[in-house]
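Read the structure below first, then the notes.
All ligand and atom numbering here is 1-based and tracks the order in the structure. Here the structure is a predicted model, which is why all the values come from computation and not from measurement.
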Amino acid sequence: MVQIKEQIRLQKYIADCGVTSRRRAETMISQGRVIVNGEVVARQGVKIDPLTDQVMIDGKKLALNYRVTKKTLLLHKPIGYVTTMDDPQNRSLVKDLYADLKERLFPVGRLDINTSGLLLCTNDGELANQLMHPRYKFEKEYQITVAGHFDKSDLAALKDGVELEDGPAQPLKAEIKHSHSRQSELLMVIREGRNRQVRRMMMALGFSVITLRRTRLAFLTLDGVQKGSWRWLQAAEVKRLRKMTEGENPCKN
Ligand code: URA
């Protein structure tokens with residue numbers, strides 16, 4: 001399972017739990033009074049994940065007191081932004097687009113730097129894992145512009161499925177929106193989220209992608225969200241996403 005890690009400094013976590021100040025938490029750490037996942041941590045600088053790591057002070061569990069307010073936003077990612085939390089090449093990060101928020105939200109899955117569109121960002125590790133888990137296969141809809149004339153026979157080949165290096169790939173739905181000699185526009189729905197899957201599917205048919213935009217994830221769309229901006233997901237939307245992971249056929253949208 002893919003794990004989203006929200007790492008924060010141990011002394012900040014202790015302070016956030018309302019136990020004491022950060023400075024006094026550092027002293028408690030140095031005194032060997034703090035245990036993380038069963039091991040004494042007496043050095044400074046250790047980071048923990050409040051959602052999964054268990055912290056004890058003087059034999060008392062802290063996790064129960066700690067409430068992370070779970071928040072998820074729907075971002076309209078522009079091209080030119082990477083979905084990682086850091087970038088050694090100093091490229092723009094999607095998190096820069098919501099840098100004013102105090103919450104530390106992580107992109108759910110990835111969109112290529114040259115892909116725009118719908119991206120969820122959350123501090124809800126459980127929801128993120130459910131959204132990314134292959135078992136739940138949420139529908140993802142893409143608007144694709146390819147170079148060249150994509151005709152009915154190409155569409156038939158796409159619908160039959162293409163062979164990628166990591167196995168076959170078949171869209172749930174594919175249609176041609178416009179087709180001209182120089183470029184064509186398609187709409188495609190897939191349920192998987194393999195690395196660069198759409199681009200590789202097009203490549204397998206001999207087409208290179210000019211633009212790629214994710215326009216839908218499950219029932220969520222970009223309606224009313226301008227490129228580069230975002231909105232919070234409502235509690236009812238989060239509930240509906242979670243509900244889709246229950247039951248016999250979690251793939252329904
Ligand atoms: N498929 C791709 O090829 N790229 C993306 O960013 C998303 C899906």
Side-chain angles (χ1 to χ4, degrees), residues 2 4 72-87 89 91-98 105-122 127-148 150 154-155 157-177 183-222 225-230 241 251 253:
V2 193
I4 284 215
T72 303
L73 61 80
L74 185 159
L75 175 76
H76 189 158
K77 176 192 175 299
I79 61 168
Y81 286 78
V82 292
T83 50
T84 48
M85 293 304 278
D86 294 298
D87 186 57
Q89 296 171 51
R91 291 171 298 182
S92 303
L93 311 173
V94 293
K95 71 171 187 183
D96 298 342
L97 295 166
Y98 50 83
L105 306 181
F106 295 75
V108 179
R110 62 188 302 280
L111 283 183
D112 302 332
I113 184 165
N114 290 325
T115 303
S116 62
L118 194 158
L119 181 71
L120 295 184
C121 302
T122 190
L127 179 69
N129 286 330
Q130 286 175 337
L131 287 165
M132 289 191 281
H133 198 292
R135 186 161 130 221
Y136 298 122
K137 295 182 175 162
F138 287 92
E139 287 187 12
K140 296 155 194 99
E141 182 183 275
Y142 293 92
Q143 187 186 311
I144 313 159
T145 310
V146 292
F150 196 97
D154 298 312
L155 184 65
L158 176 62
K159 284 182 169 176
D160 277 351
V162 295
E163 205 53 53
L164 302 179
E165 63 205 14
D166 49 0
Q170 194 172 21
L172 184 67
K173 181 178 162 191
E175 62 187 59
I176 299 172
K177 289 288 185 193
Q183 65 181 55
S184 310
E185 193 186 311
L186 318 173
L187 182 145
M188 182 163 86
V189 179
I190 55 175
R191 280 186 164 150
E192 301 157 293
R194 286 189 254 161
N195 201 11
R196 296 176 62 81
Q197 182 168 342
V198 174
R199 291 173 200 277
R200 290 190 295 131
M201 287 172 81
M202 292 300 132
M203 276 303 226
L205 294 167
F207 290 90
S208 61
V209 170
I210 301 174
T211 63
L212 180 58
R213 191 155 82 108
R214 180 151 75 190
T215 47
R216 179 169 67 83
L217 171 69
F219 56 86
L220 297 167
T221 68
L222 289 169
V225 186
Q226 298 303 310
K227 203 172 276 183
S229 61
W230 58 268
L241 285 175
C251 306
N253 284 272

Item to check | atom 4 (N) of ligand 1 - nearest protein heavy atom and its distance | outcome: D112 OD2, 2.7 Å
Next on the checklist: Starting from atom 1 (N) of ligand 1, what is the nearest protein heavy atom, named by residue and atom, and what distance separates them?
Outcome noted: V198 N, 3.1 Å
Item to check | Enumerated ligand 1 atoms positioned under 4.0 Å from heavy atoms of T115 | outcome: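 Every atom of ligand 1 under 4.0 Å from some heavy atom of T115: 4 (N), 5 (C), 6 (O).
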Item to check | Ligand-residue contact atoms, ligand 1 with Y142, heavy atoms, under 4.0 Å | outcome: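 Per the distance check, 7 (C), 8 (C).
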Next on the checklist: Can you tell me which residue among Q170, R194, M188, E163 is in a side-chain contact (heavy atoms from CB on, under 4.5 Å) with M201?
Outcome noted: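 For M201, the side-chain contact (heavy atoms from CB on, under 4.5 Å) check succeeds only for M188.
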Checklist entry - side-chain contact (heavy atoms from CB on, under 4.5 Å) with R213: which of I79, I144, L222? => result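 Running side-chain contact (heavy atoms from CB on, under 4.5 Å) over I79, I144, L222 with R213 returns exactly one hit, L222.
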Next on the checklist: Does any part of the side chain of I190, heavy atoms only, come nearer than 4.5 Å to the side chain of Q197, both counted from C-beta?
Outcome noted: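 The answer is yes, as the side chains (C-beta and beyond) meet within the 4.5 Å cut-off.
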Checklist entry - Is R196 in polar range of ligand 1, meaning some N or O pair under 3.5 Å apart? => result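 For ligand 1, there is an N or O atom that lies under 3.5 Å from one belonging to R196.
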Item to check | Part of L212 within contact of ligand 1 (heavy atoms, under 4.0 Å) | outcome: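 Looking at L212 and ligand 1, just side chain atoms fall under 4.0 Å.
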Item to check | Working for salt bridge (Lys or Arg N to Asp or Glu O under 4.0 Å), residues E192 and K137 | outcome: CA-CA 6 Å; E192 301 157 293; K137 295 182 175 162; over 6 Å; no
Checklist entry - Going through the checks in order, is the side-chain hydrogen bond (donor to acceptor under 3.5 Å, both in side chains) test met by R196 and T115? => result CA-CA 10 Å; R196 296 176 62 81; T115 303; over 6 Å; no
